[in-house]
Amino acid sequence: MATMKILYSQQFRFCIGLIYLSLAMKPVCAQQAHNDMDRFVSELMSRMTIEEKIGQLNLVTAGEAVTGSVVSTDVESKIKEGKIGGIFSMSTPQRIRAAQELAVNHSRLKIPIIFGMDVIHGYKTMFPIPLGLAASWDMELIQETARIAAMEASADGLNWTFSPMVDISRDARWGRISEGSGEDTYLGSRIAEAMVRGYQGDDLAAHNTLMACVKHFALYGAAEAGRDYNTTDMSLHRMYNEYLPPYKAAIDAGAGSVMTAFNDINGVPATANKWLMTDVLRNQWGFTGFVVTDYTAVNELIDHGLGDLQEVSARSLKAGVEMDMVGEGFLTTLKRSVEEGKVSVADIDRACRLVLEAKYKLGLFEDPFRYCDDSRAREVILNSAHLAKAREAAGKSFVLLKNDRQVLPLKKQGTVALIGPLANTGTNMPGTWSVSADLENTPSLLEGMRDALGNQVKIVHHHGSNLLEDAAYQERATMFGRTIPRDERPEQEVIAEALAVAGQADVIIAALGESSEMSGESSSRTDIGIPTVQQRLLAKLLETGKPVVLVLFTGRPLTLTWENEHVPAILNVWFGGTETGKAVADVLFGDVNPSGKLPATFPQHVGQVPLYYSHKNTGRPLADGQWFQKFRSNYLDVSNDPLYPFGYGLSYTTFTYDQMELSAEQLHQAGSLQVRVTVKNTGKYAGEEVVQLYIRDLVGSVTRPVKELKGFRKIRLEPGESQQVVFDITAEDLKFYDAELNYVAEPGEFSVFVGPNSRDVQEKKFILVD
Ligand code: BGC
């Protein structure tokens, strides 16, 4: 370690100095700093053997299986032999320090290891699942959650996170819709940028930032039939306009790395897709970081049908991939491929250089232990400021779907019955992809609510039903320690007991929905309703005649048609993280007014999926106000409408929108046009509203969506207060990729819409002129 420091510190200080200077005298000094890094890495590489270079491309786990069956072996000896470039899913300063010591004291060239982890929505302080965070439409808040995650994880020795996940998904059957920002290109892009900024800050080498990894490149969220890992086949036009922009936004925000997707894209799996990894990512977008595969994705190319391990490893490297996660195809075959002329030394050099550059940017050559700091870990992890932010974020992620006769907010008095299989399970509160969460010490909804409410409200509780009727299904849905105990007595007996508990209360809160592992990886569903055993419980609770509030746990849009018809109040809380219980109490009892808006459409029926607001018009759209017309685009049995549209969410207060105004009827290519609307809080509570702006290109050289989100503002208004919201529209907002993939704004007529969600909007028209 000491030798190591002396070896690099001089050059490094010089370089850091240059970086600081470069902030003041940008282009010249940035170039200088880059040249310096270049020299450093070239010098190091000149001393590396081909085996050592290939070793840098190898990413392993700490010696266990993480998200697949393949296990990394002999990690310790491989580190010493210089056969490991990165390790993931290892944490604590002690363990990381020990592994890093092996690398910098016992390997020939003393090259430090990069340490990664899936820090997806928090590290120890867990924030809502990403789909929930997206529902806040609050970019500052989202950036702060990423910032806190980086502070905690970096104190624990990590320097790289496999986040943000920016895959657009319009298919609620896909379990991983929970891990992304939903269906929309524009909202998804803004969130992608916010997260990268949050993780990386403005200095990757700072001891409290993480390098981001944008995933899963690309189109993973468009898997056919919503079945995880399934094929994607998509026109270039749709890719460029709808699915690729969030990845590009993350890269433009400076993300240091990219992860390949598992899926096939138009016949070539992403992990071997040269067009995607080199033509698009490097040549068109100018990405300068490194690309890592997903878990064993190189090996899976064999099952995709692209050849044996040597063949697919060579193909993946040559496509533009730099690091191989877990499968060790690169480690075990690339040297042979070089000898046989199937891969060039230049290919290996390119990949090795990019990995070393990432380590350089992280400051690991200067101090390989800069991210291991026990005292900082104790100070920052789960500290009170972080927990307060988690409570705020959870409250802001909740979406009030229904509130008839103002059942909510509840009064802080009397007795409340909290009934349902999600009522008292702390392990399920963090939500899917919370590998680093301390599950056993996460309060359940019941515990959190009791904590928040003290003795102002008496809470009685019963589990009410099993999570799922089928025990085997329940086991699959409660893996990774998210167990929900089963009650094997006859259902009627369990319900009778729950009703007796409910009988003591003034109000019933039904905590129902999915367990956290009913969404996430390899957790696709064909039926996206609340499990029927829980629905039967809900029906019985409603029969009591007491007010019932459904507190809905879910990692995806669900079909809630029956619930919407029968339950007076529905609050969708997704999975809110560590402080779920307190945040639910805050919202149910009116200390926080809900302001979340759906980042994905909730369908009426699973058969409508994929259902999204920014669809095309078709040549046979329905006439206004009709839900069925023969020889028009519709279904016989269900209307085309969603149950809850994209952007939808209620508040305890009411907002009215005045007539919107445009500053002009024409917009010039180089000019701008203002859309103004005044929003007033006409209810009794202070509250936040997300004012949304959509645009439609009415005539184009190619067909265009019926609406596209192009702006939003989250405003806070006291009762009686008004605010004018102004959106600036320029030709940039009207651009799209045409049939030849030129990015253009075509002159002609446009509609602009403003409203509280994608359905309930006012419309005006303007013309774009040359
Ligand atoms: C997931 C990735 C994750 C990786 C490492 C894979 O199964 O698809 O999102 O980053 O495992 O844990």
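Remember, it's 1-based here, ligands and their atoms both numbered in the order they're listed.
Between Y229 and S522, some side-chain heavy-atom pair lies under the 4.5 Å cut-off.
Taking the six-membered ring where the residue is Trp, F575 and F553 present tilted rings, their angle falling between 30° and 60°. Between F262 and H216, the ring planes are parallel. Angles under 30° get that label, and only those over 60° would be called perpendicular.
Pairs engaging residues 266-277 under the side chain to side chain donor-acceptor pair (under 3.5 Å) rule: T260-T271 [sequence neighbours left out].
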Considering only distance and modelled atom types, tabulate donor-acceptor pairs under 3.5 Å from the side chains of residues 111-121, sequence neighbours left out.
from, atom 1, to, atom 2, distance (Å)
D118, OD1, K215, NZ, 3.2
H121, ND1, F127, O, 2.8
H121, ND1, P128, O, 3.4
H121, NE2, T432, O, 2.7
H121, NE2, W433, O, 3.1

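Scored by the ring pair (Phe, Tyr, Trp, His ring centres under 6.0 Å) test, F398 finds no partners at all (sequence neighbours excluded).
The contact shell of ligand 1, taken as protein residues with any non-hydrogen atom closer than 4.0 angstrom, comprises T67, F88, D118, F162, R176, K215, H216, M259, F262, D294, Y295, M325, W433, E521.
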